[in-house]
Each structure stands twice: as C-alpha cells, then as structure tokens.
Amino acid sequence: MIETRISELTCRAVKELFGHEVPLSAVGIEKTRKEITGDFTILVFPFVKISRKSPEATAAEIGTFLQQHMPELSSFNVIKGFLNLVLSDRYWLKFLEKNSNNADFGFHKQRHERPVVLEYSSPNTNKPLHLGHIRNNLLGFSLAEILKANGHKVVKVNLVNDRGIHICKSMLAYMKWGNGETPASTGLKGDHLIGKYYVLFDKNYKAEMHGLIEKGLTEEEAGRQAPLIVEAQEILRKWEAKDHETVSLWKLMNGWAYEGFDVTYRRLGVDFDHIYYESETYLLGKKLVLQGVDSGELVRKEDGSIWADLREEGLDEKLLLRSDGTSVYMTQDLGTARLRYDDYHPSSMIYVVGNEQNYHFDVLKKVLVKLGLEYGSDIHHLSYGMVELPEGKMKSREGTVVDADDLMDEMFRTAEETTRELGKANELSAPDAEQLFSTIGLGALKYFILKVDPKKNMMFDPKESIDFNGNTGPFIQYTYARIRSLLARANAAGHFWEDAEIDRGLPLLPLEKETIRRLYQFQETVQQAGEEFSPAIISNYVYDLAKGFNGFYQELPVLKEEEKQKIYLRLMISKFTGDIIAKSMAMLGIRVPERM
RNA sequence: GGUUCCGUAGCUCAGUUGGAUAGAGCAACAGCCUUCUAAGCUGUGGGUCGCGCGUUCGAAUCGCGCCGGAAUCACCA
C-alpha cells in the first residue's frame, strides 16, 4: 500500500536531511481532513526535535524530499505542523483500473494453516430467542465473514445448552400443567411452547417463595426450600442418572426447541459448521475436573464439592463440581473447550458471549491453563454489551423481552408498508416482492444492531420502529440498487465501458477522487475489522461509502455526460462502489437488492 | 464493598495506538424531482466530549481523584 511507501520514504528523508534513524512506527500518517487539500497527511511534530527547525520548515523539507523521490506525489502543502500530500490523478486512475474488476480486492486468500473456532448463538433450550440472542447471532455470523475476508479458515460452532437446571424447570412445569400439549396441538412454535412453561414455572415458584417468606423464612432459604425448586433439582439428578422417563421427556422437549430454533436461524440467515450439545460434553468436563483433583491442581472439600483455587492468579475460588456430584456451567465449558480443541486444533478459539460473563471467561482460561491445557490462553472472549429497553434490561422470566420471531415479523411488515407507500412494489411479482420486503426489513434490523460497537450496551425502543432513512441498512441497499439500475441502463445504451481504457492523463474532479479514495480505504477497513473483531467498523465504512456515492451521483451526470472518457470513468467508479457495498454488506450478513 | 465496563448534540450512535475548527443519523426548520431510482441531495440551528487535577508543543482520547450508570463477585446458566 502507498502508505507504507510514504512511511519508508519519510524515514529516509529524516535520515538524509537530519541525520537521524527513526523507526517506521514513528511516522504518523493519516487521511487528510476533508476541508484541506491532500490525500494523506504526515505529522511532523515528532521530528522537530531532531531537525531543530520549526514544524513548518521541517515539513517543507520532508515534502520536498518526498516529491523528488515519489513519482506518484503531485504536490504537497504545509499547514502548521501538518504535511499534506496530494497524490496524482494518474495514481488514482491506475488504482481504479487495476482493482475495479478484481473480485478479491480487499480480501486475503486463505493464509493461515490452523482454523479459528468461533462459537456463537449458544441458546438455552428452555426459551425462545430474543433480541439479545439476535445481537449475538449477527455478531457471530458477521465476525466469521470478516475473519474469512482476512484469510482465516473459520469453523462456526454452536454450543446448545440442552441440559441443566433451567430445562428441568420447563420439564417440571410441563409435567405438572402441560396436559400433553404439543406444538402441533397448540399451533405454537416449539421453542415458544417450552418458553411458556418456563415462565409458568417461575410464576409458581415465586408464589411458593412468597408463601414461605410470610412464614418467616429468609428470601434465600425460601429460594432453596420451595418445593418446586427441590423437585426440579430432583429431575436434574434423575437426568444425570439416565432415568428413562426423564430422559425421554427431555428429548421430546428439546426436539421441539430445536425445530423452533432452526426456523429462526434460517430466517435470520445464520448457520453453523458444527453443533455441540452440552449433554454430550459435560461428562468430559467432569472427567477433566476429577483428573485435576488426582494431579493435585484442584481441591476437594469435606462435603465432596470440588474447587479451583485461583487466589494466586488474582481471582477467587471457583466451584467446579457440586457436593452432589452434578456439574455446573464451568464444568461443561471445560469439557467443550477440550473437545473443540481436539476436534480442530485451532490457532485460537473465539466465544461470542455477552459481557455479563466476563468473569466466567477469565476463570475458564485460567482453569484450563491450571489443568495443563495451554490453549486456554488462546481463548478470546468477544464480549458484547447488553441490548437494553427504555425500562431496563430484558428478562425472559418476567416476559419483558423482545422476541426474535416477533421482531422479524414486524420488520417485514414495516418494510412492506414503506415499500408499498413509495409505490415500489407495483411491478414486482408476489414472490419477488416478499423477497424484497424480507431483504429490506432484515437489512434494517441487522444494520441497526451491527453498526454499534459490539462492546457497548445499546438501546432499543420497541415503540419506535427502526428507521429506513439516514444511517440505516435500507439507505445503503438503496444506494446499491441505484447503482445497479445505472449500470443496467449503461449496458442497454450500448456502452462498452468494462473493456474501455481510460486515458491516464484524465484530470479527476474532487468528487470523483474522493469516491475512489474511499474505495481504496476498503482494504484497511477489512483488516482493522478483523483485528478488532468489529462488524461496526465495516458498517460505518459502508455507510460513509454509500453516503459519499449519493453525493457523487447527485452532482455528476454519468450517462448524460458528454465526454465518453468521463462516462466510462464514472461508470467504473459506480460499478466498483456497488461491488464494495455488496461485499461489505455480505460481511454483515445483509443482502442487497437489484431494485428497490 | 471488591473487580470490570460505560458517560460525546433533545434522542440513537461515530470519532479513543494523543493531532488541525469534535462528526453522522433521527427529530425541528428552509430549499432541490420536465434530467441516470427523492428510501436521495443541499443548507440552518443544536456541544462545558460527566466534573476536577495532572502529563504533553497538542487531550474527547493517556494518568489520578470524584460524580452518575451497568455488569459481575452463586453448589444459576
């Protein structure tokens, strides 16, 4: 990239002009601010001590040196301590011509031997997916695409939390009050049917606790002694003991949950290469823990419970097996980490999990290392923030959640309504129209979520529908559709622009150059998103690109331009922009329509 | 209470490996469709970057202290 050449030459300039070696990293290069003439700006402040001249004089000397050694540099100017470089139109035209038809532009060919294992989604089978899970799924899917674009082989895995006390609660409620209901008999999606019983359990459990507290128990005692929770724990023990009846109800209800999840996943457009089930891995975790006791890394207390002592590592003691021998969340995660490592020998394992579990992952890494499994330190937790409602956090048990299926329905309806109001569905067949509404509705939802920095909490107000104007998915999709339409017209008009040679001496207008420069930035954007695990970086880039293109499109005629060379140039810029919009959106898991 | 994260325009968010006058969108107001898709474009108003001190030629960005919010510290997951 040209920045590297600028850096190297700047180092040479400092050495030859001022007699000092400076490392490449000492050269600060940034994009020139838009009010100022230039493409790149070098900060010369770090060199004034060496040059013992004013910032202006230092900048001027370096600028002169660069101009003598860099043919691509057409001019420079100095403002305060900022050396602004103007690259030649010839350079940008060459860049455009070389890359506008390169399908791999900005992407790296696979360049890493060992894969990255990326876990995301990881639902519990006791309740349907909600908006928080949507954020998780979108981040996971997008991150996989971003890592692939950066040359990684990615194995997407889902770890289904299909066992544990939570599913026992739904099972118990169903046994008591279910009357043999099924998804078929109720018309409810399987995961929603199960969620109904989870809520029912909680309602009755709360009532029991209330009664006990009135009898004088503390809240903690009541929470432990309420008959329903005691029964649920009994079911968990029976399940671990492979009690036939318990296991078959468990299979039945989990099956319903999976059918429901599959529908939601398909609609959301996410998928997995491998699905792990905790029921199949928790025993491995248990085994690892018991081995840890034998080797003396873990401790068994008098009541039989097993703990990891992490006080020397700056954390606390952590329970790994209960006194009754059943396993906890951490136990299973140890097992799945081991299994996943043995399955793929990845260079790293990434977990897309909410930031409420930051502590859990600190512990997980340290316990793995303590057990001699060094890859524990290659675990990255992509810790994302909560989705909050105006009234606070979503809680499944209290029914204050934005359901994933409902939300997607609503997005579809809003997309349909808006599209019809604008009269843009008139010429479409029914299936094409449906497809378009889904593309736009999901595009709006996905962009809304992914444009926010993953690590930050974000706000969603169900009363305000997600916008289709401004900094939104549909805005970007619309820009793409406009470009496609323009190109179709160009072809219809018989312009053979794709094979056209553009005169390298053609002068560029500011809007043309700005757009080309934004396209150039795609490369570093992809790289940065990969380094920071951040779809938001792609989102912000593609918005900026689309926004800029709309200005270009508004101000400059393309097909109505008189000079053939200019027509070809602008078509080439348009086509390249369309391709980069599509590639960026694909990295976000968002489709782009040919018309809208 | 300990630990971690967050606080930028009325609202939702960018910008944070220290760089020039802190940016978008929404909302409000004013313009632009006989011309390649107006889900668009242009303009106006809107800021003590939570507060204070410090480091620096230069701080929204780094350090310390406060204030406010969130998460977590379970024999829950």
Side-chain angles (χ1 to χ4, degrees), chain A residues 25 28 30 32-33 35-36 41 43 45 48-49 55 79-82 84 122 124 126 161 163-167 169 220 223-224 233 278 301 303-307 314-316 318-324 326-330 332-333 354-360 362-363 383 385-386 388 392-393 415 418-419 421-422 424 440 444 448 451-453 455-461 464 466-479 481-490 493 536-537 539-540 543-544 546-547 550-551 553-561 570-571 574 595-596:
Chain A
S25 59
E30 17 189 271
T32 304
R33 297 174 62 105
E35 322 83 73
I36 291 164
T41 295
L43 306 172
F45 297 102
V48 296
K49 274 198 185 120
I79 303 174
K80 296 192 229 172
F82 300 91
N84 304 305
S122 310
N124 289 337
N126 63 329
N161 292 275
R163 46 139 274 126
I165 191 71
H166 53 88
I167 180 70
K169 290 176 181 175
E220 202 190 326
R224 268 202 312 266
Q233 276 158 353
E278 275 186 1
K301 298 205 170 173
D303 64 359
S305 58
I306 295 173
W307 299 72
L315 302 175
D316 211 335
K318 180 72 192 176
L319 177 88
L320 298 180
L321 275 181
R322 295 192 186 98
S323 49
D324 66 1
T326 57
S327 43
V328 293
Y329 180 44
M330 184 63 69
Q332 352 188 101
D333 252 12
N355 62 12
E356 55 198 349
Q357 293 189 30
N358 287 353
Y359 182 72
H360 172 80
D362 286 346
V363 173
S383 161
M386 302 288 100
E388 289 169 337
K393 207 185 155 180
T418 309
T419 306
E421 267 171 26
L422 292 169
K424 298 199 176 189
I440 295 171
F448 177 82
K451 76 171 174 180
V452 180
D453 182 352
K455 63 174 183 288
K456 290 193 178 175
N457 286 357
M458 62 178 292
M459 173 66 79
F460 176 80
D461 188 346
E464 291 177 31
I466 294 175
D467 247 301
F468 285 17
N469 297 320
N471 187 356
T472 67
F475 169 90
I476 298 162
Q477 290 172 322
Y478 175 70
T479 308
R482 273 178 143 184
I483 292 173
R484 298 306 296 173
S485 161
L486 180 68
L487 297 180
R489 280 178 189 275
I537 290 173
S539 308
N540 289 320
Y543 171 67
D544 193 50
K547 171 94 184 150
N550 281 324
Y553 181 87
Q554 183 83 17
E555 294 300 320
L556 302 176
V558 178
L559 300 175
K560 307 209 153 99
E561 165 64 38
R570 290 177 193 165
L571 282 170
S574 302
R595 308 173 56 181
M596 74 180 269

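Side-chain atoms are counted along with the backbone in the values below, which use heavy atoms only and exclude waters and symmetry mates. None of these values were measured; they are calculated from a predicted model. By convention in this document, chain letters (A, B, ...) are assigned in the order of the sequence lines, proteins followed by strands, and residues within each chain are numbered from 1.
- In this structure, CG in A:Leu486 is found 6.0 Å from CG in A:Leu571, a value given to the nearest 0.5 Å.
- OP1 and OP2 of B:rC6 both lie 4.0 Å or more from every side-chain N or O belonging to A:Lys455.
- Candidate nucleotides B:rC41, B:rU72, B:rA20 were compared by shortest atom distance to the side chain of A:Tyr359, and B:rU72 ranks first.
- One finds the CG atom of A:Leu556 at 8.5 Å from the CD atom of A:Glu561 (value rounded to the nearest 0.5 Å).
- Among the atoms of the strands shown, only primed sugar atoms or phosphate atoms (P, OP1, OP2) are found under 4.0 Å from some heavy atom of A:Val328.
- Proximity of the aromatic rings of A:Phe82 and A:Phe45 is defined here by a centroid distance below 6.0 angstrom, and this criterion is met.
- Taking a centre distance below 5.5 Å and an interplanar angle below 30 degrees as the stacking criterion, A:Phe82 stacks against the six-membered base ring of B:rA20.
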Taking Watson-Crick (N1-N3 plus N6-O4 or O6-N4) and G-U wobble (N1-O2, O6-N3), each under 3.5 Å, can you produce the dot-bracket string of RNA chain B? Use [ ] for crossing pairs and | for inter-strand ones.
(((((((..((((.....[...)))).(((((.......))))).....(((((..]....))))))))))))....
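- With hydrogens and angles left out, the side chain of A:Thr479 and the base of B:rA39 share no donor-acceptor pair within 3.5 Å.
- One C1' atom belongs to B:rG50, the other to B:rC5, and the distance between them is 16 Å to the nearest Å.
- Here B:rA71 is the nucleotide among B:rA14, B:rA20, B:rA71 with the atom lying nearest to any side-chain atom of A:Lys393.
- Under the 4.5 Å side-chain criterion, counting only non-hydrogen atoms from C-beta, A:Ile483 is in contact with A:Leu487.
- Residue A:Arg489 has no polar side-chain atom (N or O) positioned under 4.0 Å from OP1 or OP2 of B:rU35.
- To the nearest whole angstrom, the two C1' atoms, one in B:rA70 and one in B:rG10, are 23 Å apart.
- The phosphate of B:rU37 has OP1 or OP2 within less than 4.0 Å of a side-chain N or O from A:Ser485.
- A:Asp324 comes within 4.0 angstrom of nothing in the nucleic acid, heavy atoms only.
- The aromatic rings of A:Tyr543 and A:Phe475 are tilted relative to each other, their planes meeting at an angle between 30° and 60°.
- The closest side-chain donor-acceptor pair between A:Asp467 and A:Thr472, if any, does not fall under 3.5 angstrom.
- Remark: the separation of the C1' atoms in B:rA71 and B:rG65 is 23 Å, to the nearest Å.
- In this entry the base of B:rC67 is anti relative to its sugar, with a glycosidic angle more than 90° from 0.
- Rounded to whole Å, the P atom of B:rC6 lies 33 Å from the corresponding atom of B:rG45.
- Comparing B:rU4, B:rG19, B:rA14 against the side chain of A:Asn540 picks out B:rA14 as the nearest.
- When the P atom is used for both B:rG63 and B:rU4, the distance is 12 Å, rounded to whole Å.
- Between A:Tyr478 and B:rA39 there is a side-chain polar atom (N or O) within less than 4.0 angstrom of OP1 or OP2.
- On the C1' atoms, B:rC57 is 33 Å away from B:rC13, given to the nearest whole Å.
- Rounded to a whole Å, the NZ atom of A:Lys456 is 9 Å from the P atom of B:rC13.
- Rounded to whole Å, the P atom of B:rG25 lies 25 Å from the corresponding atom of B:rU34.
- Under 4.0 angstrom from either OP1 or OP2 of B:rC76 there lies at least one side-chain N or O belonging to A:Arg322.
- Distance noted for atom C1' between B:rC49 and B:rG18: 15 Å (whole Å).
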Hey, what are the protein-to-nucleotides 23-27 of chain B N/O distances that come in under 3.5 Å?
{"from": "B:rG23", "atom 1": "OP1", "to": "A:Arg33", "atom 2": "NH2", "distance (Å)": "3.3"}
{"from": "B:rA24", "atom 1": "O2'", "to": "A:Tyr543", "atom 2": "OH", "distance (Å)": "2.9"}
{"from": "B:rG25", "atom 1": "OP1", "to": "A:Lys547", "atom 2": "NZ", "distance (Å)": "3.1"}
{"from": "B:rG25", "atom 1": "O2'", "to": "A:Asn471", "atom 2": "N", "distance (Å)": "3.3"}

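- At a threshold of 4.0 angstrom between heavy atoms, the contacts of A:Met458 are confined to the sugar-phosphate backbone, with no base atom among them.
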